[in-house]
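Have a look at the structure below, then the notes.
Only heavy atoms go into these numbers, but all of them, side chains included; no hydrogens, no water, no symmetry mates. All residue numbers in this chain count up from 1 along the given sequence.
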Amino acid sequence: MNEDEPLVRWDWIHDHYGLFGELTVEHLKLSLLPVLLGLLISVPLGVLCARWRLLYAPVLTAVNILYALPSLALFLVLLDYTGLSIWTVVIPLTLYTLAVLVPNVVDGLRQVPETTRQAATALGYTPLRRLIAVELPIAVPVVIAGLRVATVSNISLVSVGALVGIGGLGSLFKTGFTLQFTTPVLAGIVLTIALAVLFDLALVLLQRLLTPWSPR
């Protein structure tokens with residue numbers, strides 16, 4: 001980059017609005033699909049771990065080991081099997097999401113007072129109905145707290161996928177570093193932070209809608 005060149009080239013940003021839109025849509029798909037898949041896996045797995053406590057320790061150990069694996073290494077390993085498809089990024093991020101959500105689901109269910117469970121049973125609730133109508137709603141704040149962490153983390157980690165050709169807004173970082181041009185890097189940073197803040201606030205709103213009885 002030339003020393004006389006401005007830090008941000010606004011003309012370049014103006015000329016690439018379409019690219020920003022495409023990359024943002026791709027980034028959201030790569031970020032949110034793992035969260036959805038992780039939630040679908042974590043809820044039943046967390047329920048099983050809450051019911052059978054001996055199961056929780058090995059499951060927690062397994063997801064923590066997966067979380068410790070470097071994301072770039074997983075992307076490179078999966079390239080041989082999934083190629084340049086979104087699954088090369090989605091699968092590792094789903095595994096990382098499990099490490100966040102499974103403990104939160106278990107903790108949320110364990111916070112349900114035993115008297116509440118007994119009252120639901122006394123009213124004739126079956127175990128499944130009690131789980132859906134009583135226990136999971138009470139666990140919602142803790143589960144959504146995990147969702148917030150997982151979502152913001154995924155929005156950040158997706159950018160690493162640009163190193164293997166699948167990274168949404170991370171492509172802007174790669175372009176900037178390759179060309180020694182700061183404008184795409186700054187644009188990618190701003191858009192990534194904006195997405196993280198937007199979805200974090202959206203999940204806070206969702207929690208308030210699902211738990212109107214909770215203190216603000």
Side-chain angles (χ1 to χ4, degrees), residues 30-82 86-123 125-161 196 199-200 203-204 206-207 210-211 213-215:
L30 293 171
S31 302
L32 300 182
L33 182 56
V35 175
L36 177 60
L37 294 175
L39 184 63
L40 292 176
I41 297 170
S42 296
V43 170
L45 188 58
V47 170
L48 291 176
C49 290
R51 292 288 184 270
W52 292 285
R53 293 180 180 268
L54 291 178
L55 182 63
Y56 185 41
V59 168
L60 186 61
T61 300
V63 296
N64 283 338
I65 290 173
L66 292 173
Y67 191 76
L69 297 175
S71 58
L72 182 57
L74 283 178
F75 295 160
L76 293 174
V77 169
L78 284 172
L79 273 176
D80 292 334
Y81 303 96
T82 55
I86 64 170
W87 296 106
T88 303
V89 172
V90 168
I91 292 174
L93 293 186
T94 300
L95 297 178
Y96 295 153
T97 300
L98 294 179
V100 177
L101 291 183
V102 170
N104 279 60
V105 172
V106 174
D107 290 344
L109 291 173
R110 286 181 175 177
Q111 288 183 16
V112 179
E114 186 59 32
T115 54
T116 302
R117 292 193 179 93
Q118 293 173 357
T121 302
L123 290 172
Y125 281 40
T126 63
L128 179 60
R129 185 185 175 193
R130 186 185 68 190
L131 173 68
I132 295 173
V134 178
E135 296 178 42
L136 286 177
I138 294 176
V140 160
V142 180
V143 174
I144 289 187
L147 276 176
R148 292 173 64 187
V149 173
T151 302
V152 171
S153 297
N154 281 0
I155 289 174
S156 175
L157 283 172
V158 163
S159 300
V160 180
F199 278 89
D200 189 59
L203 287 171
V204 171
L206 178 62
Q207 177 181 330
L210 293 177
T211 59
W213 61 85
S214 297

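Within the structure, the side-chain hydrogen bond (donor to acceptor under 3.5 Å, both in side chains) test picks out no pair touching residues 30-41 (sequence neighbours left out). Residue pairs meeting the salt bridge (charged side-chain N to carboxylate O under 4.0 Å, His left out) criterion with at least one member in residues 39-56, sequence neighbours excluded: Arg51-Glu135. Screening residues 126-149 for ring pair (Phe, Tyr, Trp, His ring centres under 6.0 Å) gives no qualifying pairs among residues at least two apart or on separate chains. Every pair tested for salt bridge (charged side-chain N to carboxylate O under 4.0 Å, His left out) that includes a residue from residues 68-82 fails, sequence neighbours excluded, so the list is empty. Applying the side-chain hydrogen bond (donor to acceptor under 3.5 Å, both in side chains) rule to pairs touching residues 102-112 yields nothing, sequence neighbours excluded. Sorted by first then second residue, the ring pair (Phe, Tyr, Trp, His ring centres under 6.0 Å) pairs that include residues 40-63, not counting sequence neighbours, number zero. Pairs passing the ring pair (Phe, Tyr, Trp, His ring centres under 6.0 Å) check and including a residue from residues 128-158, sequence neighbours excluded, do not occur. The side-chain hydrogen bond (donor to acceptor under 3.5 Å, both in side chains) pairs that include a residue from residues 142-152 are Arg148-Asp200, where partners are two or more places apart or lie in different chains. Listed by first and then second residue, the ring pair (Phe, Tyr, Trp, His ring centres under 6.0 Å) pairs involving residues 96-119 are Tyr67-Tyr96 (not counting sequence neighbours).
Using a 4.5 Å cut-off on side-chain heavy atoms (C-beta onward), Leu66 and Leu69 make contact. For the pair Leu93 and Leu157, the minimum side-chain heavy-atom distance is below 4.5 Å. In this structure, the side chains of Pro137 and Leu210 stay at 4.5 Å or more apart for every pair of heavy atoms. For the pair Leu109 and Leu131, the minimum side-chain heavy-atom distance is below 4.5 Å. Contact check for Ile41 versus Leu101: no side-chain heavy atoms found under the 4.5 Å cut-off. Contact check for Phe199 versus Val152: no side-chain heavy atoms found under the 4.5 Å cut-off.
Only one option out of Thr94, Leu78, Leu33 pairs with Trp87 in a side chain to side chain contact (heavy atoms under 4.5 Å, CB included); it is Leu33. Partner of Leu147 under the side chain to side chain contact (heavy atoms under 4.5 Å, CB included) criterion, chosen from Leu203, Val100, Val140: Leu203.
Residues forming a side-chain hydrogen bond (donor to acceptor under 3.5 Å, both in side chains) with Thr126 (at least two apart in sequence, or on another chain): none. Thr82 is linked by a side-chain hydrogen bond (donor to acceptor under 3.5 Å, both in side chains) to Thr88, counting only residues two or more places apart in sequence or in another chain. For the side-chain hydrogen bond (donor to acceptor under 3.5 Å, both in side chains) test, no residue two or more places apart in sequence or in another chain qualifies with Ser42.
Distance OG1/Thr211 to CG/Leu206: 8.5 Å, rounded to 0.5 Å. Annotation: the span from Leu55 atom CG to Leu45 atom CG amounts to 6.5 Å, rounded to 0.5 Å. Rounding to the nearest 0.5 angstrom, the gap separating the OG atom in Ser71 from the CG atom in Asn154 is 10.5 Å.
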Full working for side-chain contact (heavy atoms from CB on, under 4.5 Å) between Ile86 and Leu30:
CA-CA 7 Å; Ile86 64 170; Leu30 293 171; 3.7 Å; yes
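Closest approach of Arg130 to Thr121, counting heavy atoms only: NH1-OG1, 3.0 Å. For the residue pair Gly46 and Val106, the shortest heavy atom distance occurs at O-CG2, 3.6 Å. Smallest separation of non-hydrogen atoms from Gly38 and Thr97: CA-CG2, 4.0 Å.
When the shell of 6.0 Å around CG of Leu54 is examined, it contains 12 or fewer heavy atoms from other residues, nucleotides or ligands.
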